[in-house]
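Model, not experiment: these values are computed from the prediction. The chains referred to below are lettered A, B, ... by the order of the sequence lines, with proteins before strands, and numbering in each begins at 1.
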Protein chains: 2
Amino acid sequence: MNGRFPIAIHIMTLLCYAKEQLSSDYIAGSLNINPVQVRKALKELIDQGLVLSREGKNGGYQLARSADIITLAEIYRSLKPEALLGISKNTPNPDCPVGRQIKGHLDQLYEQIDLKLERQLSATTLKAFCQQFQ
Amino acid sequence: MNGRFPIAIHIMTLLCYAKEQLSSDYIAGSLNINPVQVRKALKELIDQGLVLSREGKNGGYQLARSADIITLAEIYRSLKPEALLGISKNTPNPDCPVGRQIKGHLDQLYEQIDLKLERQLSATTLKAFCQQFQ
DNA sequence: TATACTGTAATATTTTTTATTACAGTACAA
DNA sequence: TTGTACTGTAATAAAAAATATTACAGTATA
């Protein structure tokens, strides 16, 4: 995977911690990355219904609802994750019994894994995660 | 993630299915990737103690033990996976309470997730996975 | 001693990720 | 009504990672 999940979690934790509207520049300062990257990440969180934005002067971002009814699973989902354990680019040989069937069985396995992960992430609210911060 | 897990599973399934020694060229033909890539993946599986190789003429690869005492968790471990949900390259701002602590709390979360995943993958043997193949 | 393998280094290519620039659109406030 | 400070997003560049390929040394067999 790439760094999108950690970044999303960082942003959501900040918004929860600050309890006020923050600008992408401010958030970028905490992450130490480019503000455009932050706005891209925020777009996913907005699309997922987790964050609200205000345009214009004095604009910024805030949580769309109380942190105790946001779970880490929702943050994870905002990334529209593909396959947790990876996808190979190759096109297996259809003349081989294993090559022919591997994708289907792997998909099945992945579905089970994803289900469990989502269940686990659902068990932690943003509030609970954020309260760990001093 | 990348395609290493699917490739490793594919290889192990082949070795289990074939019940005989296979060459990297043959395996590459089923995966439809380069034999060198296959040998690299096999090296990880050998290091993990899951596969045996024979050099020289009539050489090749076979399972190091019975498929019913190999679990998908061991195959997963052969990849020495880093963080399932990704690592961000940024160095968060140490002057920000969130930036300062995020890594630690994320690591903790990741450890829990990894534990559960390993537990889940441990529940499936290579034999069971392979028996799904017609 | 020819042959058919594995092991692995070196390199090239492709793909993905991350960073950056630029600017249009929007809302506030003087 | 206009300057200012934001968001939104397209376009592009740069860096990093993944994948593919070539080449060849080493090894076991017949």
**Student:** Give a yes/no on whether any side-chain N or O of A:Lys57 is located under 4.0 angstrom from OP1 or OP2 of C:dA30.
**Tutor:** no
**Student:** Can you tell me the distance, in whole Å, between the CG atom of A:Leu42 and the P atom of D:dT7?
**Tutor:** 9 Å
**Student:** Only one of A:Leu45, A:Leu42, A:Ile7 forms a side chain to side chain contact (heavy atoms under 4.5 Å, CB included) with A:Met12, so which one is it?
**Tutor:**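 With A:Met12 as partner, side chain to side chain contact (heavy atoms under 4.5 Å, CB included) holds for just one option, A:Leu45.
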**Student:** Whole Å only: how far is the CG atom of A:Leu45 from the C1' atom of D:dG8?
**Tutor:**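 Atom-to-atom, A:Leu45 to D:dG8, this comes out as 15 Å.
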**Student:** Less than 4.0 angstrom between a side-chain N/O of B:Tyr26 and OP1 or OP2 of C:dA4, yes or no?
**Tutor:** no
**Student:** Within this structure, what is the CG-to-C1' distance between A:Asn32 and C:dT20, rounded to whole angstrom?
**Tutor:**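 Computing the A:Asn32:CG to C:dT20:C1' distance gives 15 Å.
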**Student:** Need to verify one output field. Residue with the more 5' nearest nucleotide on DNA chain D, A:Asn90 or A:Glu55?
**Tutor:** A:Glu55
**Student:** Please state whether the phosphate of D:dC6, meaning OP1 or OP2, lies under 4.0 angstrom from any side-chain nitrogen or oxygen of A:Ser23.
**Tutor:**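 Result: no.
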**Student:** Just verifying a value: how many Å separate B:Ile75 CD1 and B:Glu44 CD, rounded to the nearest 0.5 Å?
**Tutor:** 12.5 Å
**Student:** Measuring to OP1 and OP2 of C:dT16, would you say a side-chain N or O of A:Lys89 lies under 4.0 angstrom away?
**Tutor:** yes
**Student:** Using atom CG of B:Asp25 as one end and atom C1' of C:dG7 as the other, report the distance to the nearest whole Å.
**Tutor:** 14 Å
**Student:** Test for a donor-acceptor pair under 3.5 Å between the base of C:dT8 and the side chain of B:Arg39, counting only N and O atoms.
**Tutor:** yes
**Student:** B:Lys40 has an atom NZ; how far is it from atom C1' of C:dG7, in whole Å?
**Tutor:** 11 Å
**Student:** How close do A:Ser24 and A:Val38 get, heavy atom to heavy atom, and via which atoms?
**Tutor:**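 For A:Ser24 and A:Val38, the tightest heavy-atom pair comes out as O-CG1, 4.0 Å.
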**Student:** Between D:dA30, D:dT21, C:dG7, which nucleotide has the shortest distance from any of its atoms to the side chain of B:Ile46?
**Tutor:**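 So the nucleotide nearest the side chain must be C:dG7.
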**Student:** Mind calculating the distance between CZ (B:Arg4) and P (D:dA20) to the nearest angstrom?
**Tutor:**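 Result: 14 Å.
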**Student:** Membership question, hydrophobic clusters at under 4.5 Å side-chain separation (ILVMFWY): are A:Tyr26 and A:Leu52 in the same one?
**Tutor:**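 In one cluster with A:Leu52: A:Tyr26, no.
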**Student:** Between A:Pro35 and B:Gly56, name the one whose nearest nucleotide on DNA chain C is closer to the 5' end.
**Tutor:**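 Upstream on the strand: B:Gly56.
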**Student:** Would you indicate, yes or no, if C:dG7 has its OP1 or OP2 atom less than 4.0 angstrom from a side-chain nitrogen or oxygen of B:Ser53?
**Tutor:** yes
**Student:** Whole Å only: how far is the CG atom of B:Leu31 from the C1' atom of D:dT21?
**Tutor:** 17 Å
**Student:** Please state whether the phosphate of D:dA5, meaning OP1 or OP2, lies under 4.0 angstrom from any side-chain nitrogen or oxygen of A:Arg54.
**Tutor:**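 Result: no.
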**Student:** Go through the steps for A:Ile11 and A:Leu31 under the test side-chain contact (heavy atoms from CB on, under 4.5 Å), then give the verdict.
**Tutor:** CA-CA 8 Å; A:Ile11 292 172; A:Leu31 274 148; 3.8 Å; yes
**Student:** Check whether any side-chain N or O of A:Asn34 sits under 4.0 Å from OP1 or OP2 of C:dT20, and answer yes or no.
**Tutor:**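 Looking at the OP1 and OP2 atoms of C:dT20, one of them is under 4.0 Å from a side-chain N or O of A:Asn34.
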**Student:** How close or far is atom P of D:dA16 from atom CG of A:Asn2, stated in whole angstroms?
**Tutor:** 16 Å
